[in-house]
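Proteins get letters first, then strands, A, B, ... in listed order; numbering begins at 1 in each. Quick caveat: nothing in here was measured; it's all calculated off a predicted structure.
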Amino acid sequence: MDIRKIELEVNKELLESSVSNIDYERKKFFIAPAFPYPNSPQHIGHGRTYTTTDIYARFMRLKGYNVLFPMAFHVTGTPIIAMASRLKEKDKELIEIFTKIYGIPEEKLEELSDPEKLVMYFSREIEQGMKEMGYSIDWTRKFYSFDKHFNKFIEWHFKKLYDKGYLVKGEHPVPWCSKCNNALGAHDTKGDKDPEIEQVSVLFFKIKSKDMFLGVVTYRPETIFGVTNIWVVENSDYQIIKLQGKKVIVSKESLQNIGMQYEYEPYGSITGKELLEYTVINPIDNTEVPLLPATFIDLSFGTGIVMSVPAHAPYDYLALRDLGFPKGIKLKVIINIEGFEVPAKEVCEKLNVKDQKDQKAEDATKEVYRLELLKGKMRVSDNKFDGLPVEMARQRVKEHLSKSKDHINLYIIANHPVYCRCNNLAGVKLVKDQWFIDYGNKSWKEETKKCLSMMKILPEESRKIYLDTIEWLEKKACTREKGLGTRFPFDRNKMIEALSDSTIYMAFYTISDKITRYKPEQLTEEFFDYIFYGKGKPVDNLHDELRKSFEYWYPLDSRHSGYDLVRNHLPFFIFNHVAVFPQKHWPKQIVTNGFVLMEGKKMSKSLGNILPLRKAISKYSADVVRFAIVNGADLDSDTDFNEKSIDGIKSRMEYFNYLIDNISKKEVTISGSLVDKWLLNRVNRMIKSVKELYEDVEIRKISQLLFYDFYNSLKWYEVRKDGKIDTHELKLALQSFVILMYPFMPHVCYHWSKKLYCIKSLKEFENIGLPSHDEKLISEKFDKLEELLIGIDNDINEILSLLKLQKVKEIKLIVSANWKRKLISLFKEHRDLNNVIKSAKSMPDLKTRLNEVSKLGKKIIQNIDWYPDYEISQEDEISIIKDGINYLAKKYSVDKSSILIEIEESSKELKAANAMPLKPAIIIK
RNA sequence: GCAGGGGUGGCGGAGCCUGGUCAAACGCGUUGGACUUAAGAUCCAAUCCCAAAGGGGUUCGAGGGUUCAAAUCCCUCCCCCUGCACCA
């Protein structure tokens with residue numbers, strides 16, 4: 001079977017039913033996955049969410065729903081701009097990724113350095129891939145988040161937030177490049193390092209008998225009690241600046257970062273050498289502290305001047321030890337931890353740290369910090385602080401010194417150093433006039449939680465994460481200096497940030513196909529108010545139509561994304577719906593899924609193991625890729641894409657194809673034997689559970705059931721029937737299979753359906769609808785009987801291997817006695833040996849065998865749940881054996897007449913006593 | 001640090017919520033056999049240990065407990081992973 005060829009034949013047809021219009025006759029179902037960000041082609045990982053969505057959408061169509069499954073592109077923010085400018089600068093690394101991994105022709109690159117062209121190129125690429133995958137997307141509603149019409153919609157959205165008081169203004173620390181004058185995201189830095197922000201303390205130590213202060217940076221202000229000296233770099237220049245009304249000395253290298261957070265005036269400079277002449281005064285206890293030269297200081301860290309606390313900081317301890325403790329310096333222990341005298345010293349000794357350059361010094365530092373924060377208590381003479389736990393002391397020291405103006409906070413880059421792509425060192429800017437969405441608003445939070453509690457969350461386990469996230473979300477900065485997207489309506493110099501303009505865009509889908517007939521300037525607040533709230537009057541018929549469309553499709557029935565959005569976008573999505581829309585339009589359901597690994601490893605640019613979707617399609621075919629990326633793992637865990645499992649999928653498809661091909665060419669007849677009944681039982685059971693599983697998007701279980709369990713059933717059926725499989729029963733089974741499997745593999749299943757159902761169009765196909773199951777055909781009995789046969793088969797096999805017999809002359813099967821069947825019913829009833837014996841005493845055929853009863857008892861009770869609740873008679877057992885006799889005879893190469901069936905009661909064989917209900921005794925000669 | 005999730009056989013990965021049918025689904029790998037000139041594909045069988053007439057033993061991170069019965073429930077310990085925001 002050439003799967004790819006079939007796909008190319010039916011792909012166009014499959015996309016037909018995707019355009020969705022209002023149809024009041026049918027129930028609607030609105031499903032929307034997170035829209036893609038077109039700064040690269042999509043890879044198979046992206047395909048997982050969209051495939052899951054499409055499977056669900058196609059299932060709902062089979063169920064008779066009018067489904068809306070639209071798509072758009074999110075281009076908001078800076079990554080696209082950053083990428084385009086990297087192309088412009090002919091960034092080698094990026095060009096390599098574009099040409100080698102994505103397979104983009106080199107002559108195309110020039111053009112892509114224009115952000116808009118880049119967007120168009122990749123969005124076309126992505127759209128094409130989605131079509132090839134057979135996604136039933138309504139493309140007539142496509143838009144981009146920088147479209148003018150969409151901008152107007154977002155403006156409306158923000159006005160609503162503003163009216164409710166959910167937009168607030170404040171200041172905010174942001175990673176910043178002072179040269180480019182722009183905020184830095186991970187994609188703006190060298191090596192794509194995500195800059196993290198941390199707060200540190202700057203303490204002012206007055207220089208003795210001078211009107212100047214040393215700006216000393218520290219993570220641990222409470223250790224100021226233990227300062228023995230201050231470290232400065234001898235042959236370096238320091239700056240004197242006027243800061244907060246003081247003359248403060250800091251390193252030249254630190255000025256850039258300080259300047260982004262505080263106003264200062266340059267005053268002069270001073271060399272390290274000069275500084276070393278001075279002594280400073282510790283602001284906490286007015287003791288004199290000497291300055292010492294150091295070589296290990298990073299001058300761009302904080303203020304470039306640090307204090308030395310040798311008893312509690314391994315680096316300081318090691319540095320002083322290497323210097324031989326000059327100027328009579330003695331360790332000052334100011335934090336108590338049980339089991340330690342001088343923590344820094346002892347941990348260094350324990351870890352066997354040689355000197356400051358030893359890698360292990362880092363470990364020692366972490367260890368001491370951790371221990372002290374966890375268990376440390378202050379031990380100082382000042383009783384305001386004595387005995388306090390370290391964390392509390394830190395807070396108190398900050399407050400205390402801030403009061404006396406000897407302390408300020410400073411933000412730094414925690415994973416320092418991070419460089420902007422322009423080579424400038426990243427710092428932290430305190431942005432004033434920063435707008436926030438106030439997710440901390442109490443009543444809003446409550447409403448959001450209420451909405452969540454009414455929603456279906458799949459997988460249900462992740463509900464807690466949503467709740468936690470909603471709980472701890474506070475103010476979220478929603479504007480940026482630069483980027484694509486929508487201008488912030490209350491400060492047009494700023495852009496709305498990407499996670500804030502993508503929270504209610506699903507509503508826009510309901511009108512996006514027709515709204516472009518208006519000019520953007522017509523899209524006023526009142527215009528949208530009418531569409532979404534029915535407020536005011538329509539400007540024309542089309543306007544009314546848009547309102548109807550929104551009213552018909554909203555609320556959103558199912559939202560789909562990768563689980564990485566559970567902690568950011570998805571809670572925002574709920575928050576904003578709650579803020580903007582009335583309760584009847586709140587979203588109904590969220591479905592999230594895990595990622596796709598490549599041969600066990602995470603896909604990444606650096607590993608170069610990214611498999612673009614379209615490449616995968618042409619190599620493996622769409623249906624195989626669709627199946628491969630969703631079947632391997634539960635919804636919430638990552639799945640692995642590997643060649644081996646691909647081969648497995650293909651060979652199974654071949655088998656189904658063989659059966660379908662075979663049966664569609666033949667005249668079928670009703671067979672009605674036990675295996676056939678068993679098969680119908682299996683099929684009906686399968687239909688029933690698969691339909692239930694679809695409702696909960698249990699993708700993996702469905703595929704397991706259809707593609708593996710059912711496959712194995714068919715295999716067994718084929719051998720049991722000895723190849724005589726042109727039966728009506730099998731055809732029914734395959735017909736149901738093809739429809740249930742269709743959402744997963746639409747191309748191939750549609751192709752198969754044409755053969756099995758004699759249909760000609762997709763419309764006809766969708767009209768067939770979901771198969772229904774017949775409860776009457778489902779019976780555990782058929783399974784048990786078939787199991788009995790398989791059990792016999794296994795046992796014969798085992799016995800043969802034990803006997804090392806080459807040839808079998810005769811197989812005798814002895815069906816167990818009736819009293820044993822009664823006994824099992826007794827155990828079912830009592831589940832206890834003593835009570836069983838009590839009852840047995842009053843039963844004529846059992847009371848004479850009490851000895852045997854107690855012997856068998858233990859065995860029976862172990863397997864009690866395996867026995868069915870009703871009795872299986874001797875006749876039942878004999879009939880299944882007779883039904884399977886062909887199979888056994890063939891398998892063990894004996895004549896049918898050499899397989900004998902006896903009943904325990906009348907058998908003369910000693911081993912007849914081994915027989916148990918559903919497990920006949922076997923004697924092989 | 002704070003919060004959440006997890007440790008199952010050679011591997012991936014179910015099962016654990018609702019304890020017994022669990023030596024543990026399904027898949028992969030490995031070994032032997034069939035087919036083939038051969039490889040591949042396919043099919044059959046085996047794949048924790050010991051037995052050699054369908055039997056027994058020891059397993060589900062470690063230790064303890066509850067129970068007639070624990071991978072499954074409870075407690076303690078060890079180890080691993082993820083997220084912590086202005087970034088799509």
Side-chain angles (χ1 to χ4, degrees), chain A residues 34 36-37 39 74-80 82 172-175 183-188 194-197 369-370 373-374 391 431 434-437 439 460-462 464-465 468-469 471-480 483 497-500 502 563-569 571-572 597 600 631-634 636-640 642-645 647-652 654-655 700-701 703-705 707-709 711-712 715 719 787 791-792 794-805 831-833 861-868 891 911 914 916 919-924:
Chain A
Y37 192 82
N39 70 340
H74 194 210
V75 299
T76 308
T78 51
I80 285 172
H172 192 65
V174 177
L184 294 177
H187 49 265
D188 302 310
D194 195 12
E196 290 161 39
I197 293 176
Y369 281 25
R370 193 180 61 87
L373 189 67
L374 219 63
E391 201 169 354
V431 176
Q434 172 70 53
W435 284 85
F436 298 87
I437 299 179
Y439 293 120
E460 174 61 32
E461 291 78 48
S462 51
K464 209 178 151 18
I465 308 175
D468 284 354
T469 312
E471 199 61 58
W472 69 251
L473 271 171
E474 282 299 324
K475 290 187 180 71
K476 152 95 182 131
C478 62
T479 58
R480 273 204 126 192
E497 163 278 338
L499 283 175
S500 302
S502 56
Y563 61 46
D564 52 330
L565 302 189
V566 172
R567 288 163 203 280
N568 43 58
H569 164 263
F572 298 155
L597 306 177
N631 97 301
D634 282 333
D636 56 341
S637 40
D638 295 343
T639 187
D640 190 35
N642 58 65
E643 291 283 335
K644 276 286 161 200
S645 58
D647 288 346
I649 293 167
K650 278 190 193 154
S651 79
R652 262 157 234 272
E654 289 289 350
Y655 180 67
R700 174 192 160 84
K701 283 194 180 131
S703 56
Q704 196 85 8
L705 230 49
F707 212 60
Y708 296 96
D709 288 9
Y711 170 89
N712 289 339
K715 284 257 158 186
V719 289
E787 263 179 56
I792 291 175
N794 288 339
D795 286 348
I796 294 177
N797 236 316
E798 194 163 335
I799 295 166
L800 287 181
S801 74
L802 291 172
L803 290 180
K804 301 205 167 83
L805 262 184
R831 292 185 162 251
D832 171 82
L833 187 62
I861 209 152
Q862 260 177 12
N863 300 319
I864 190 67
D865 288 321
W866 178 76
Y867 290 104
K891 177 146 184 198
K911 290 215 165 64
N914 282 346
M916 286 295 288
K919 195 169 164 65
I922 300 167
I923 297 162
I924 296 174

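A donor atom on one side chain and an acceptor atom on the other are not found under 3.5 Å apart for A:Thr76 and A:Glu497.
When rounded to the nearest whole Å, the span between CD of A:Glu471 and P of B:C2 equals 19 Å. For A:Asp564 and B:U82, the CG to P distance is 14 Å, given to the nearest whole Å. Nucleotide B:U82 holds its C1' atom 13 Å from the CG atom of A:Asp636, rounded to whole Å.
Ring-plane geometry between A:Phe572 and A:Tyr439 is classed as parallel, the angle between the planes falling under 30 degrees on a 0 to 90 degree scale with a further cut at 60.
A:Thr76 comes within 4.0 angstrom of the backbone, heavy atoms only, and of no base. Within the nucleic acid shown, A:His569 has no heavy atom closer than 4.0 Å to any nucleic acid atom. Residue contacts shown for A:Glu474 include a base, since a base heavy atom lies under 4.0 Å away. As judged by a 4.0 angstrom heavy-atom cut-off over every strand, A:Pro920 is placed among the base-contacting residues.
Shown here for A:Ala477 and A:Ser500, the closest heavy-atom pair between the two residues is O-OG, 4.4 Å.
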Exercise for review: Determine, for nucleotides 5-16 of chain B in 5'-to-3' order, which nucleotides have protein heavy atoms under 4.0 Å from the base (write B), from only the sugar-phosphate (write S), or from neither (write -).
Suggested key: --------SS--
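For A:Arg567, no side-chain nitrogen or oxygen approaches OP1 or OP2 of B:U82 to under 4.0 Å.
Using N1 to N3 plus N6-O4 or O6-N4 for Watson-Crick, or N1-O2 and O6-N3 for G-U wobble, each under 3.5 Å, B:C77 pairs with B:G61.
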Within the sub-3.5 Å range, which N or O atoms of nucleotides 40-43 of chain B have a protein N or O partner, and how far apart are they?
from  : atom 1 : to       : atom 2 : distance (Å)
B:C43 : OP1    : A:Lys715 : NZ     : 3.2

